Undergrad: 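For reference, the structure I am asking about is given below.
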2 protein chains.
Amino acid sequence: MSEDIEKKLETIPKAIFFDEKEDRFFILDQTKLPVEEVIEEQKDLNQVYDSIYMLKVRGAPAIGIAGAYGLLISLKEHIDRPLDEFIKIVEQNAEYLNSSRPTAVNLSWALNKLSKIAKNFPKSSSSKELYKAIRDEAIAIHKSDIKTCREIGENGAELIKEGFGVLTLCNAGALATGGIGTALAPMYVAWSKGVRFKAYSSETRPLLQGARITCWELNKFGVDTTMIADSVSSYLMKLGKVDMIVVGADRVANNGDTANKIGTLSLAVNAKHYGIPFYIACPYSTIDVDTKTGDGIVVEERGAQELIYIKGQQIAPKDIKVFNPAFDVTDNSLISGFITEKGIIRAPYDFSKSAKSE
Amino acid sequence: MSEDIEKKLETIPKAIFFDEKEDRFFILDQTKLPVEEVIEEQKDLNQVYDSIYMLKVRGAPAIGIAGAYGLLISLKEHIDRPLDEFIKIVEQNAEYLNSSRPTAVNLSWALNKLSKIAKNFPKSSSSKELYKAIRDEAIAIHKSDIKTCREIGENGAELIKEGFGVLTLCNAGALATGGIGTALAPMYVAWSKGVRFKAYSSETRPLLQGARITCWELNKFGVDTTMIADSVSSYLMKLGKVDMIVVGADRVANNGDTANKIGTLSLAVNAKHYGIPFYIACPYSTIDVDTKTGDGIVVEERGAQELIYIKGQQIAPKDIKVFNPAFDVTDNSLISGFITEKGIIRAPYDFSKSAKSE
């Protein structure tokens, strides 16, 4: 890829910034988007805990990276302590940070990785050396995510042709990862290569991640983006304006059934009706070969208040019953393929076999 | 029907009230729902104009009736004038009120009807007699709408069985009419007869009529109602919770293609995928035999602000492009039947023929 394209991709908005010269850690406060763009330095453990808890940083890969850098900067002030004390602090701080969002797999995965380094560190070493080892691993976690996103982007970009309409839901973008996103990565790579298409971002009720975050980051990068209410997608397809749908995934079962943001299933059903390709973009790590089918995926139901109030404004009777699932499960038969860092995987899906053959 | 059921149906919330003893006209201010329930007496022409313009009263049938009563109460103070002066005032006031929502067909239809009575009134009569004639016609328009709604309700109620899940979109309820609604009428009649089912109200972005109005009126009447985000409907169907979908219509073409609130098409496509009956409930007057197919229906596109702001709160970048169609057009092949005051009409649809045969 040319230097120009690399430079262009460098300008995609970022959720997480780490200054390697001074070991300083910054995040973009996503709760303030799209009204304000506030970059906030994270200076201590409690602040990082709050930033993750309050969704200032969100998206599974981004949270994992934020946890790693958060742990790192919390250790700076303890670097002169004896190693055994320092190791205890690493473990305590990791445990504390992990409780900020207990169900986020990437967070505990990253923090466990760093804790383990501390636990197994040679007792003859210094705290400074352990700090450096943790620092190297935090940066490695971040770089690995950047690489995965980029590979998803390169693989998926080939599907996007000049003049296409590409529809997405929620935010599986740069702001959900350390890199250029998952579902949005193919759009960024294609756009950077000069392919001109129209992106459509479905607003994604109730929490409006499509409106607030996806529209913001695509718009910021200069991708030609149009927002729609979630209910518009079928009509948009009928009008012939959608050539491809690409969304992220929260968990993929071994047979390809996919849990993702509520509304994904409706898009997939409509895509099948209109004969439009429907893709899931995700890192290979999202595929859970131990879950045989979508029936094994438990869908989180969230509270009524999330739907009854929008930014503090009441929009429905206070005592109305609400059904507010955070995700739905899309049948493998509705999915044209999975865009991963290892390439595009097409039906029939049996990920345990493909995993073994590698 | 038993007296108990009649009494129960009498308690369905109303958009419009006319006190026949004192000729006083009241509306429920729907802009304040669901936070406040304010009944507002309409005392003069400008107030009625504003109430229609500001959507305090909305829904095509309700606006027509409000226009008729609005014209009537504006005439009270002129009742002692000579007939020729009085007739001029009728015509002027009707013209003025009609400009409050120029595209609402029912409004101009009702006002033209009353204007015509004035124009053709015997010159030997008194203003008082003309006032009475207009009054009788306004009440007749209201009563006719009540009757139509009730017949739609009786015809549609037969489709709703004990234990059903019935999904609707937007508000084609009592508050959109002078009576018990169109899409909600079958639910009200079935519930009053003791049939227990679950109603699901899709919130209906961007203007949230499902959340604000349908949830309010169904809840108020005591129908077991659950609100969902628009994106949840497909998953709800997949879970087996929906046995029937019923929505209203803004315009039905001769072949059955139907324009209705944006989101209707997506519901119909999903209903077909899951094998769920999908009905349109509407008065026969909504069927436009002169429009051959849905291709002849122009869909209104509304402004970006409606989507970018919710109750004054910014939820997306200010400069994002928006595609905001108010309606979509559902193909006749996706529609199981039309619930009208003349019965349930099923495919193949050719309304010009059925109209002729009557």
Side-chain angles (χ1 to χ4, degrees), chain A residues 34-35 169 200-206 208 210-212 215-216 219-220 224-236 238 241 261-270 272-274 299 304 307-308 310-325 327-329 331, chain B residues 34-35 169 200-206 208 210-212 215-216 219-220 224-236 238 241 261-270 272-274 299 304 307-308 310-325 327-329 331:
Chain A
V35 180
L169 178 76
Y200 290 96
S201 170
S202 198
E203 64 169 351
T204 320
R205 280 282 288 149
L208 298 162
R212 291 192 300 108
C215 284
W216 181 84
N219 212 27
K220 195 86 184 163
D224 179 358
T225 306
T226 300
M227 176 167 76
I228 57 167
D230 300 324
S231 57
V232 177
S233 53
S234 183
Y235 187 52
L236 197 71
K238 184 182 176 182
K241 290 179 192 260
K261 181 62 57 192
I262 187 72
T264 301
L265 177 61
S266 182
L267 288 183
V269 168
N270 274 290
K272 192 183 180 189
H273 180 77
Y274 291 108
V299 171
L307 219 63
I308 294 174
I310 299 178
K311 291 200 165 191
Q313 306 285 316
Q314 187 192 335
I315 61 137
K318 280 181 187 171
D319 60 345
I320 194 76
K321 283 199 245 175
V322 165
F323 177 54
N324 183 20
F327 309 104
D328 54 32
V329 180
D331 310 81
Chain B
V35 181
L169 177 77
Y200 291 96
S201 169
S202 198
E203 65 170 352
T204 320
R205 280 279 290 147
L208 297 161
R212 293 193 299 108
C215 284
W216 181 84
N219 211 28
K220 196 86 184 164
D224 179 357
T225 306
T226 299
M227 177 167 77
I228 57 167
D230 299 324
S231 56
V232 178
S233 52
S234 183
Y235 187 52
L236 198 70
K238 184 181 177 183
K241 290 180 191 258
K261 181 63 53 191
I262 187 73
T264 302
L265 177 61
S266 181
L267 288 183
V269 167
N270 275 289
K272 191 181 180 190
H273 180 77
Y274 291 108
V299 170
L307 220 64
I308 294 174
I310 299 178
K311 289 198 165 195
Q313 307 285 315
Q314 187 191 335
I315 61 139
K318 280 182 188 171
D319 60 345
I320 194 76
K321 281 198 244 178
V322 165
F323 176 54
N324 183 21
F327 309 103
D328 54 31
V329 180
D331 309 81

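Both backbone and side-chain heavy atoms feed into the values below; hydrogens, waters and symmetry mates do not. All values derive from a computational prediction rather than experimental measurement.
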Undergrad: Taking every non-hydrogen pair under 4.5 Å, which of A/L307, A/I310, A/I228, A/V329 racks up the most with chain B?
TA: A/L307
Undergrad: Relative to chain A, which of B/P317, B/A304, B/G312, B/P325 shows the most heavy atom pairs under 4.5 Å?
TA: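 Going by pairs under 4.5 Å, I would pick B/P317.
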Undergrad: Go through the atoms of A/Y274 and report whether side chain, backbone, both or neither lie under 4.5 Å from a heavy atom of chain B.
TA: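 Contact with chain B involves the side chain of A/Y274 alone.
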Undergrad: Counting heavy-atom pairs closer than 4.5 Å to chain A, which one of B/L236, B/D331, B/I308 comes out on top?
TA: B/D331
Undergrad: Show me the side-chain donor-acceptor pairs of residues 262-270 of chain A shorter than 3.5 Å, one per line, residues at least two apart or across chains.
TA:
residue, atom, partner, partner atom, Å
A/T264, OG1, A/N260, ND2, 2.9
A/T264, OG1, A/K261, O, 2.6
A/S266, OG, B/S266, OG, 3.4
A/S266, OG, B/N270, ND2, 3.1
A/N270, OD1, A/S234, OG, 2.8
A/N270, ND2, A/S266, O, 3.0
A/N270, ND2, B/S266, OG, 3.1

Undergrad: Which heavy-atom pair separates B/V299 from B/F327 by the least distance, and what is that distance?
TA: CG1-O, 3.2 Å
Undergrad: Which one wins on heavy-atom pair count under 4.5 Å against chain B: A/V232, A/D224, A/D319?
TA: A/V232
Undergrad: Examine whether an atom of A/L169 lies under 4.5 Å from a heavy atom of chain B, and if so say whether it belongs to the side chain, the backbone or both; otherwise answer neither.
TA: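 Contact with chain B: none, neither part.
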Undergrad: Hey, which of A/S202, A/C215, A/A229, A/G210 has the most heavy atom pairs under 4.5 Å with chain B?
TA: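 Of the candidates given, the most pairs with chain B belong to A/C215.
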Undergrad: Looking at A/H273, A/Q314, A/K220, A/R212, which makes the most heavy-atom pairs under 4.5 Å with chain B?
TA: A/Q314
Undergrad: In terms of heavy-atom pairs under 4.5 Å with chain B, which of A/T225, A/L208, A/D230 leads?
TA: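 Of the options given, most contacts go to A/T225.
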Undergrad: So for B/K238, is it side chain, backbone, both, or neither that comes closer than 4.5 Å to the heavy atoms of chain A?
TA: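 Contact with chain A: side chain only.
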